[in-house]
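Here is the structure we will look at.
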2 protein chains.
Amino acid sequence: MPKVIHDEDIFEVTINALLAHGFAGAKTKEIAEAAGVSEVTLYRKYGSKAQLVAAAINYQLRPFEENNFRYTGDLAADLKRIIELYDRSTGRDIDLFPQIFSEMVRYPELKGTLAGPFSLISNFGKLITRYQSEGKLREQHPLHTVGALLGPLIINKMLRNADPDIPIPPIDLEAHIDQFIDGHKR
Amino acid sequence: MPKVIHDEDIFEVTINALLAHGFAGAKTKEIAEAAGVSEVTLYRKYGSKAQLVAAAINYQLRPFEENNFRYTGDLAADLKRIIELYDRSTGRDIDLFPQIFSEMVRYPELKGTLAGPFSLISNFGKLITRYQSEGKLREQHPLHTVGALLGPLIINKMLRNADPDIPIPPIDLEAHIDQFIDGHKR
DNA sequence: TTCTTTTGCAAGTCAAAACTTGCAAAAGAA
DNA sequence: TTCTTTTGCAAGTTTTGACTTGCAAAAGAA
């Protein structure tokens with residue numbers, strides 16, 4: 001009974017497993033079950049767990065096209081677009097980004113997967129640089145600026161996820177951006 | 001030949017292994033070798049890998065006494081003391097904190113270990129709250145404020161560690177604190 | 001010296017989880 | 001219908017890594 005299998009469904013499940021259990025903790029058997037697919041099928045389609053995860057991450061990063069980091073001249077709008085995309089794309093209360101940059105980095109099998117995320121960050125940095133040279137943002141290493149913008153959001157999600165019992169409210173994005181711009185103009 | 005074994009040496013090695021490979025990736029065999037101790041000894045002394053890690057984390061958090069989060073009335077000085085302690089205590093270019101709050105959280109065996117870190121964060125929050133009520137910091141959820149202070153530092157370390165080839169300079173702590181205070185006064 | 005404690009070493013056990021293989025069944029294409 | 005492709009199922013193999021056990025050797029205490 002060759003079922004029609006949609007890669008996207010499998011990728012969704014894979015990402016969820018990744019967020020919930022990490023790379024080592026995401027079992028192919030559980031992914032298969034959750035996706036309603038046999039484990040064998042996973043291996044036949046993707047070859048290995050690492051390749052499956054790589055494909056799933058690429059899929060998840062799909063919404064982040066270069067276009068999203070374009071310069072429009074409106075700093076607040078550009079930042080808001082990116083941040084909201086970022087926030088929405090993770091949806092769940094955890095983040096792929098810290099996971100990629102701290103956990104995934106350790107697995108040589110996933111080396112190739114990192115190019116995408118790095119290029120995103122780099123594109124973001126370029127946008128920042130442009131606003132800096134325009135005088136709309138204080139001069140500093142662009143990735144420091146990116147960190148200042150994303151860091152608080154990431155930590156917030158991290159803490160919220162770490163102990164759901166401690167009620168830490170989510171960060172208000174609009175307010176955060178306004179405050180960021182205010183604190184980073186020169 | 002009962003060698004004299006210092007727990008601290010083993011804990012150091014364990015923390016390093018943890019930072020380098022994560023909990024799942026830190027092999028007891030490798031920890032034993034790196035510490036110059038037999039694997040059997042580890043199990044005899046600490047019972048299990050989880051208990052060893054728990055002990056090592058507690059050891060690593062030792063410098064953070066409640067006293068470090070005391071209120072002196074000098075906001076800049078208090079923040080600086082904490083941040084520098086934080087920065088120095090990790091020493092290496094990675095951070096235990098994000099690791100604890102994102103990876104360790106997943107291992108039920110380590111549940112008990114989380115109380116310490118959470119209480120640190122909480123103490124920090126209380127200090128923030130006090131400065132807020134004094135009017136020296138803008139009112140917002142104290143853990144948001146903590147995130148705004150630590151987030152950029154953590155992201156910086158994370159990126160620097162993720163790809164040592166991309167030269168991202170470390171953040172200047174003094175400047176960061178000044179800028180933080182400036183951006184968070186009301 | 002003698003007893004106790006602590007360690008190392010060698011050689012395991014055990015379980016989990018990634019990955020494989022052969023066969024049968026179903027859907028779609030020709 | 002017939003052939004090809006894709007899937008599931010059952011039952012593997014293989015590796016790895018946590019954890020154990022028995023025995024001998026060394027240090028310190030009494």
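It should be emphasised that the depicted structure is a prediction, and the values quoted were computed from it without experimental measurement. First the proteins, then the strands, lettered A, B, ... as listed; each starts at 1.
Between the side chains of B/Asp7 and B/Tyr46, a donor-acceptor pair is found at a separation under 3.5 Å.
Phosphate contact (OP1/OP2 of D/dC9, side-chain N/O of A/Ser38, threshold under 4.0 Å): absent.
In this structure, A/Lys29 atom NZ and C/dA16 atom C1' are separated by 10 Å, rounded to whole Å. The interatomic distance linking A/Glu30 (CD) with C/dA16 (C1') rounds to 11 Å, in whole Å. To the nearest angstrom, P of D/dT7 lies 18 Å from CD of A/Glu33. Taking atom CD on A/Gln51 and atom P on C/dC19, their separation rounds to 9 Å, with Å as the unit. A straight line from NZ of B/Lys27 to P of C/dA16 spans 19 Å, rounded to a whole angstrom. Remark: C1' of C/dA17 and CD1 of A/Ile31 are 12 Å apart, rounded to the nearest angstrom. Atom CG of A/Leu42 and atom C1' of D/dG8 are 12 Å apart (whole Å). Taking atom NZ of residue A/Lys45 and atom P of nucleotide C/dT20, one finds them 17 Å apart after rounding to whole Å.
Within 4.0 Å (heavy atoms only), A/Ala32 reaches no atom of the nucleic acid at all. Among the protein residues, B/Ala50 comes within range of no part of the nucleic acid, since none of its heavy atoms lies under 4.0 Å from any strand.
For the pair A/Gln140/B/Gln179, a side-chain contact is recorded, criterion being any heavy-atom separation below 4.5 Å from C-beta on.
The cationic atom of B/Lys49 (NZ for Lys, CZ for Arg) lies less than 6.0 Å from the six-membered ring centre of B/Phe23 and within 45° of the ring axis.
The aromatic rings of B/Phe69 and B/Phe124 are tilted relative to each other, their planes meeting at an angle between 30° and 60°. Taking the six-membered ring for Trp and thresholds of 30 and 60 degrees, A/Phe11 and A/Tyr59 have ring planes inclined between 30 and 60 degrees apart. Between A/Phe180 and A/His184, the ring planes lie parallel to each other; the angle is under 30°, not in the 30° to 60° tilted range.
For the pair B/Arg44 and B/Lys49, both in contact range of DNA chain D, the more 5′-proximal nearest nucleotide belongs to B/Lys49. Take the nearest nucleotide of DNA chain C for B/Glu39 and for A/Val40: the residue whose nucleotide is more 5' is B/Glu39.
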Q) Just the dot-bracket of DNA chain D, please: which string comes out with Watson-Crick or G-U pairs under 3.5 Å, [ ] for crossing, | for another strand? A) ||||||||||||||||||||||||||||||
Q: Could you check B/Lys157 against B/Asp87 for salt bridge (charged side-chain N to carboxylate O under 4.0 Å, His left out), going step by step and ending with a plain yes or no?
A: CA-CA 10 Å; B/Lys157 288 202 179 190; B/Asp87 196 62; 3.4 Å; yes
